[in-house]
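Only a predicted model underlies this, so the values are computations on that prediction, with no experimental measurement involved.
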Number of protein chains: 2
Amino acid sequence: MILEKKKAFQNFAAAKGLRSTRQRDIILDIFLSTHQHVSVEELYLKIKSSNPGIGHATVYRTLKLFAEAGLAREILLHDGQTRYEHVVAGEHHDHLVCTGCNSIVEFEDETIEKLQNEIAARHGFLIKNHKMEIYGLCAVCRN
Amino acid sequence: MILEKKKAFQNFAAAKGLRSTRQRDIILDIFLSTHQHVSVEELYLKIKSSNPGIGHATVYRTLKLFAEAGLAREILLHDGQTRYEHVVAGEHHDHLVCTGCNSIVEFEDETIEKLQNEIAARHGFLIKNHKMEIYGLCAVCRN
DNA sequence: TATGCTTTTGACATTCATTTTCATTTGACT
DNA sequence: AGTCAAATGAAAATGAATGTCAAAAGCATA
Ligand SMILES: [Mn+2]
Ligand SMILES: [Mn+2]
Ligand SMILES: [Zn+2]
Ligand SMILES: [Zn+2]
């Protein structure tokens, strides 16, 4: 799965005429080894610990590339930090976010997705993407 | 309706021991006279034109109060600006956002709201709020 | 392997929304 | 009027993200 993603990025890079660089390899490795919903800063720090040379700007730039390549999805929750999560081909999910402990639970709901399409159609919208987040307290934090 | 909101803020302020100030009155008046989904900056400029003395910080602080008082809802779209919209008691809606012309269409969907509650319950979450935005091109911009 | 051209990088500066600071002003109560 | 905490606003600070640009690195070609 990790190999597939590396392959996918290689293909994307080749198609776009991007060069293969040590930095991009490292950042991809570390991103793929990371849990879901990493903030750019978290990732940057993790990268720095093994590769002190890599700069802030490069991490930002490279994550945008991953998103463009379809490997990563940008997530904007309400903490002022951009996060990225792994994209699993053909899958989609939304998020339950605990405002107590910041944990995130993922969920999928076919019916909601279908209703979203209907709503968009009814208003003549052509959907590009959507976001849906439910904020509240998780089972642990509500007590 | 405007009077009710002013009353509601008075009550909120009284309950919280907040003082009644000229600035808060002005900001509330202008907020209530404003169309939906105003950015803080837009509101600030509108306020300044009639009341040059009022500061940036006060507008930010006061809008947060309105949100806390239940008069306003903070809306974070993806343009880096915080917006506020009017809250109509007992009503809730979500947004279709056109990435072409930045227009916003509001919609309500009972079924989706119900499904959200079920999902949260299934995961033991206590919902505080949620956001759902569908991004795409409106009927005009898709052509 | 060396050359030449172009992309990429990273240190640093910059931007921009929002928050903080803090001296001054103001509201509310006596 | 006097007291005092709350509120204000100008200016500075913050912090995420982006822009700049000289130096470094990739890659095609000789
Ligand atoms: Mn996720
Ligand atoms: Mn709205
Ligand atoms: Zn929690
Ligand atoms: Zn449009």
For B/H95 and B/E85, what are the C-alpha separation, side-chain angles and deciding distance, and is it a side chain to side chain donor-acceptor pair (under 3.5 Å)?
CA-CA 12 Å; B/H95 298 112; B/E85 70 177 348; 3.3 Å; yes
Any B/K64 side-chain nitrogen or oxygen under 4.0 Å from OP1 or OP2 of C/dT19
yes
On the nucleotide C/dT18, are OP1 or OP2 found under 4.0 Å from the side-chain N or O atoms that B/Y60 carries?
yes
May I have the distance from A/L65 (atom CG) to D/dA17 (atom C1'), rounded to whole angstrom?
16 Å
Under 4.0 Å, counting only non-hydrogen atoms across every strand here, what does B/R24 touch: a base, just sugar-phosphate, or nothing?
sugar-phosphate
Any pair with a residue in residues 116-126 of chain A that passes side-chain hydrogen bond (donor to acceptor under 3.5 Å, both in side chains), sequence neighbours left out, goes on the list, sorted by first then second residue, please.
A/Q116-A/H130
With A/M132 as reference, evaluate A/D94, A/L96, A/D109 under the side chain to side chain contact (heavy atoms under 4.5 Å, CB included) test and give the passing residue.
A/D94
Report the distance from atom CD1 of A/I54 to atom C1' of D/dA25, rounded to the nearest whole Å.
14 Å
Between CD1 of A/I26 and P of C/dT9 the distance, given in whole Å, is 10 Å
Please report, rounded to the nearest Å, how far the C1' atom of C/dT19 is from the CD atom of B/E74.
13 Å
Side chain of A/R73, backbone of A/H92: donor and acceptor closer than 3.5 Å?
no
Taking only the side-chain heavy atoms of B/T58 (C-beta and beyond), determine which of C/dT19, C/dT9, D/dT8 contains the nearest atom.
D/dT8
In whole angstrom, what separates A/R61's CZ from C/dC12's C1'?
12 Å
I need a per-nucleotide contact map over nucleotides 23-30 of chain C, read 5' to 3'. Cutoff is protein heavy atoms under 4.0 Å; write B for the base, S for backbone only, - otherwise.
---BBS--
So if I apply the side chain to side chain contact (heavy atoms under 4.5 Å, CB included) rule between B/L28 and each of B/L63, B/L71, B/T62, which one comes out positive?
B/L71
Report the distance from atom CG of A/D25 to atom P of C/dT9, rounded to the nearest whole Å.
10 Å
Between A/H56 (NE2) and C/dT14 (P), how many Å, whole number?
18 Å
Between B/G17 and B/A57, which residue's closest nucleotide on DNA chain D lies nearer the 5′ terminus?
B/G17
Near-strand residues of residues 41-53 of chain A, defined as heavy-atom separation under 4.0 angstrom from DNA chain C
A/G53
May I ask you to decide if A/H86's main-chain N or O and A/K5's side chain share a donor-acceptor pair within less than 3.5 Å?
no
Among C/dT18, D/dA7, D/dT20, which nucleotide has an atom closest to any side-chain atom of B/V40?
C/dT18
Could you tell me whether A/K6 and A/D25 have a side-chain N and a carboxylate O separated by less than 4.0 Å?
no
Ring centres under 6.0 angstrom apart (B/H35, B/H37):
no
Could you pick out which residue, B/D79 or A/G55, lies toward the 5' side of DNA chain C when each is mapped onto its nearest nucleotide?
A/G55
Sole candidate of A/H56, A/K46, A/R83 that passes side chain to side chain donor-acceptor pair (under 3.5 Å) when paired with A/E41:
A/H56
